[in-house]
Amino acid sequence: MRIQKRISLTVNGQTYQVLVDPKTSLLDFLRKELGLTGAKNGCDGKGICGACTVIVNGRAVKSCLIRLGEIDGAEIVTIEGLARESQLHPLQAAFIEAGAIQCGFCTPGMIMAAKALLDINPNPNKKEIARALQGNLCRCTGYVKIIQAVEKAAAAVREGRNIFPSFIPKDAVEKVTGRFQFLDDLPCPDALIAKVVWAAYPHAYVRRIDVTKAKEVSGVVKVLTAHDVPGQNAYGLIIEDQPVLCSERVRYLGDPVALVIAENAQAAEKAAALVEVEYEPLPAIFEVDTALDPNAPKLFPGGNIACKFALKRGNPEIAFSQAALVVEGTFNTQCVEHGYLEPEAGIAEWKDDQLILRSACQYPQAVKSQLAKVLGIPKEKIRVIAHPTGGAFGGKTDISIQALLALAAWHTKRKVKLTLTRAESLKATVKRHPMRLEYKMGFDKDGCILAVKAKILANVGAYQTLSIPVLHQTTAFATGPYRVPNIDIETIGVFTNTPPSSAMRGFGIPQPTFAVESLIDEAARRLGISPIEIRRRNALRPGDESPTGAKMGSDTHLLETLNAIEEEYYKLKMEKLEPDMGIGIACGYKNIGLGLGEEDYAEAQIEILPSGRVCLRTGAVELGQGVVTVLAQIAAHELGVPYELVDVIWGDTDLAPDARETNASRQTVVSGNAVMLAAQKLRHLALEKARQYGLEPPLSYQNGIVIDRNGHQISIFELAKASKLSATGRYLAPSTMPLYSNIPLSKEYKNYFTFSFFTNLALVKVERNTGQVQVVKIVSAYDVGRAINRVAVEGQLEGGAVMGMGYALSEEYIAYGESITDNLAKCGLPRALSTPEVVIKLIEPADSLGPYGAKGVGEVAMVAVAPAITNAIYDAVGIRIRSLPVKPSKLKKALSSQEKEVK
Ligand code: FES
Ligand code: FES
């Protein structure tokens with residue numbers, strides 16, 4: 001029998017007398033009973049993420065850890081209670097002003113933790129702020145702008161003034177007030193709840209599934225297995241090899257074998273535990289070497305090789321024989337969890353003979369196509385609505401829960417909700433490819449690269465997902481942003497029984513960049529050339545032949561990024577650094593757009609509404625990177641109307657056009673150009689309509705108003721009252737081609753239509769006793785073409801810098817063994833106290849093909865940070881890092897045994 005207790009609580013000034021189970025968590029009470037969903041659950045209520053932070057009796061607490069029985073009579077303030085009527089609290093306004101919000105999932109918790117700090121310390125320094133926020137994870141911002149925002153708010157509070165943000169990104173007010181609803185925040189009282197039964201083994205035959213007992217649980221509506229998939233029981237963005245529900249074989253622990261749908265979560269959970277599955281376990285393969293053993297079990301009928309790519313130019317063997325210096329090494333990069341704070345959630349319903357599915361995703365049209373096959377119904381009967389995401393970083397490009405939800409709605413013809421726990425999300429969703437990279441580089445005596453040879457083995461995991469394009473790209477970028485006349489690269493993707501590897505920020509480039517930038521650093525030292533100079537001598541310049549055989553465009557700006565860092569580098573070199581401090585440099589480049597032969601297009605529609613507002617429809621998806629704001633800025637600028645008048649409808653397959661996937665840092669360029677084209681068409685249309693209205697040519701267009709020769713004027717909103725005023729822009733990026741090896745290539749041959757270039761500098765301090773590395777400063781110069789929204793661009797680059805630091809030092813996803821990664825704390829995500837000083841230098845030549853010359857920045861930001869840090873570690877203590885992450889234990893061991901490498 002459940003014990004109930006009467007408890008009194010005051011929440012945001014209102015007192016509640018409630019009869020509750022005293023073990024109920026405060027978070028559940030706030031979210032489920034009071035509907036205050038500003039506090040979020042990012043870690044299964046384990047006290048790891050801080051997204052649930054509220055203030056109880058003046059102290060910031062993680063509400064998931066507080067039981068109601070412990071706080072009878074307490075005063076509670078949540079994010080919803082912070083703003084006074086329409087006036088934002090200075091912290092809320094400062095978060096907007098400083099650009100401290102990206103996806104917004106962490107924002108309410110961050111603000112409440114900061115509020116509790118300012119209440120007791122109105123003048124905190126950076127360290128005190130970071131300490132107060134140490135329990136709150138943010139995966140997007142890298143904490144830099146969050147700390148700045150708290151400083152700004154503290155000053156305003158001390159001076160008794162308000163902050164009025166000069167620019168408000170779309171949804172920013174909703175995010176700082178807790179009104180912004182992520183999927184799991186949507187009230188859904190009538191929805192059925194789905195629960196997945198996952199594989200019990202990483203590799204096994206499924207011999208029998210018995211759902212009899214599960215079906216008998218009161219409240220259970222359906223228990224689905226593979227036999228209930230009406231269409232094709234397989235999906236995949238490139239190759240459809242991943243089952244919706246497994247019937248014969250499971251290939252990793254994240255394979256679903258059954259789906260329970262019930263009236264409530266308790267019944268769903270109870271029934272899921274009663275689904276009986278009989279397995280015949282098979283030897284599980286976790287590492288690529290084991291998978292490549294000729295005696296290894298075949299994970300697919302075609303064997304264990306998922307894909308292969310090669311890039312060959314010139315004759316590397318002859319070049320090596322003539323080289324003044326050859327450096328080589330084997331590098332290992334780890335599997336990494338995306339670490340978005342919002343676990344996967346979705347709602348599907350069957351309404352008016354149509355499936356409506358709402359969930360966070362990066363390419364709703366692709367989800368729609370895959371669901372049509374799974375259900376065996378025409379695409380027209382499916383509407384996918386991409387819901388705002390609490391972070392994605394590439395990890396929400398593939399289907400995760402969408403096919404299960406579609407199946408549930410199809411069978412029940414009711415609304416069904418499915419939210420993964422953090423543990424389920426970690427187990428089932430895609431990761432970054434771990435790779436082993438065997439590299440050899442040859443240089444002449446002046447440090448010019450003569451040849452690069454590499455063999456790259458990538459762990460693809462259990463299914464293909466996006467491994468083919470990711471590893472294609474790994475191959476294309478395997479020699480770094482340099483002139484390399486002789487190349488021999490081989491990349492092999494290998495199936496194993498680990499979670500599938502797929503897209504993650506950088507899309508296959510951070511791994512080879514780590515290897516190349518480590519070896520070029522080693523070559524510089526051995527040849528006695530500065531790390532800046534050796535890169536300058538090899539840097540790709542406009543008109544050069546790229547490593548893949550294409551001609552580099554005039555918007556090739558690696559040299560400018562090196563120049564921008566140079567002064568800082570020599571300044572630090574001249575300073576007398578403390579012992580065990582070091583400086584490292586690394587360069588990189590990253591494609592903007594899909595490239596490699598993919599058709600890269602986007603559509604946008606603009607409609608002028610008689611109400612005086614502008615409706616922009618785009619297929620670009622908001623992931624927290626700010627694309628919706630940037631597209632609204634472009635539309636406003638082109639139409640000459642205030643940005644505040646532009647409303648954006650995005651990511652809904654029924655209401656918005658197709659813009660392909662939101663990754664590859666492409667939407668600012670591709671959708672941005674589509675918006676410009678639509679706006680230009682719309683201006684012409686307005687002139688035409690004005691003529692019909694009696695205005696006399698010549699007509700001109702200014703700030704949303706058409707003016708005729710006599711000075712008569714009519715606004716676009718007036719014109720829209722007479723008849724519909726809308727236009728569609730479609731932008732098709734220049735065509736590209738896949739990689740070809742050692743064949744004559746035409747002048748037009750190109751693999752990508754543009755790139756962003758960058759140089760990172762890291763200053764580190766190594767603690768010899770512990771092996772701990774403190775990153776003191778990161779200075780990065782990025783060729784962004786043109787920053788349309790400077791604050792948002794900086795935010796992306798700072799967030800990327802800290803993500804790159806995590807990749808270098810702490811992040812690792814372990815798929816098997818004793819210390820399997822089953823909670824967010826084990827992912828090693830950086831926290832506020834480890835935030836270095838981050839300096840971003842923007843190179844803005846504005847000569848690229850994006851709107852106003854802009855390039856994208858979302859993915860480029862973390863690509864070359866890790867090697868800058870590992871090169872700095874070498875500079876500090878003389879130990880070459882060959883394997884990521886550089887956890888303290890590894891470095892300490894090398895330091896104490898005087899090894900020269902961490903392998
Ligand atoms: Fe409370 Fe994560 S939900 S700390
Ligand atoms: Fe902090 Fe996204 S803004 S997690």
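In each ligand, atom 1 is the first atom listed, and ligand 1 is the first ligand listed. Here the structure is a predicted model, which is why all the values come from computation and not from measurement.
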### Closest approach of any protein heavy atom to atom 3 (S) of ligand 1, naming residue and atom
N41 OD1, 3.4 Å
### Task
Could you tell me whether K40 approaches ligand 1 through its side chain, its backbone, both or neither, with non-hydrogen atoms closer than 4.0 Å?
backbone
### Message
Please list the nearest protein heavy atom to atom 4 (S) of ligand 1 with its residue and the distance rounded to 0.1 Å.
### Response
G50 N, 3.1 Å
#### Entry: N12-E80 side chain donor-acceptor pair, cut-off 3.5 Å
no
### Task
Mark up the atoms of ligand 2 that fall under 4.0 Å of a heavy atom belonging to R139, in ascending order.
4 (S)
### No-hydrogen, no-angle side-chain donor-acceptor test under 3.5 Å, S359 and Q402
yes
### Task
Could you tell me which atoms of ligand 2, counted from 1 in the order shown, lie closer than 4.0 angstrom to a heavy atom of C103?
2 (Fe), 3 (S), 4 (S)
### Query
If you stand at atom 1 (Fe) of ligand 2 and look out to SG of C138 and SG of C106, what angle do those two lines make, to 10°?
100°
### Query
How close do V860 and S756 get, heavy atom to heavy atom, and via which atoms?
CG1-CB, 3.7 Å
### Task
State, to 0.1 Å, how close I163 and K152 come at their nearest heavy-atom pair, and which atoms those are.
CD1-O, 3.9 Å
### Message
If we check salt bridge (Lys or Arg N to Asp or Glu O under 4.0 Å) with D184, which of these qualifies: K417, R358, K40?
### Response
K417
### Task
Check whether any N, O or S atom of C52, backbone or side chain, sits closer than 2.8 Å to atom 1 (Fe) of ligand 1.
yes
## Note on the structure
For I48, the atoms of ligand 1 under 4.0 Å from one of its heavy atoms are 4 (S)
#### Entry: ligand 1 versus L65: contacting region, heavy-atom distance under 4.0 Å
neither
### Query
Which of the numbered atoms in ligand 1 are below 4.0 angstrom from a heavy atom of C43?
2 (Fe), 3 (S), 4 (S)
#### Entry: Test log, rule ring-ring contact (aromatic ring centres under 6.0 Å, His included), inputs Y340 and F393
CA-CA 7 Å; Y340 34 76; F393 312 111; 7.1 Å; no
### Message
Closer than 4.0 Å to some heavy atom of C49 - which atoms of ligand 1 meet that?
### Response
2 (Fe), 3 (S), 4 (S)
### Query
N/O/S of C64 less than 2.8 Å from atom 1 (Fe) of ligand 1?
yes
### Pi-cation contact, F95 with K145 (under 6.0 Å, within 45°)
no
### Task
Specify whether F758 and Y782 have parallel, tilted or perpendicular ring planes, treating 30° as the upper limit for parallel and 60° as the lower limit for perpendicular.
tilted
### Query
Which heavy atom of T668 sits nearest a heavy atom of V630, and at what distance?
CG2-CG1, 4.3 Å
### Task
Number the atoms of ligand 1 from 1 as they appear, then name those within less than 4.0 Å of a heavy atom of G42, with their elements.
3 (S)
#### Entry: Axial cation check for Y813 ring with R432, 6.0 Å and 45° limits
no
### Message
I'd like to know if G104 contacts ligand 2, where contact means a heavy-atom distance under 4.0 Å to any ligand atom.
### Response
yes
## Note on the structure
A student checking ligand 1 against G47 at a 4.0 Å heavy-atom cut-off should list atoms 4 (S)
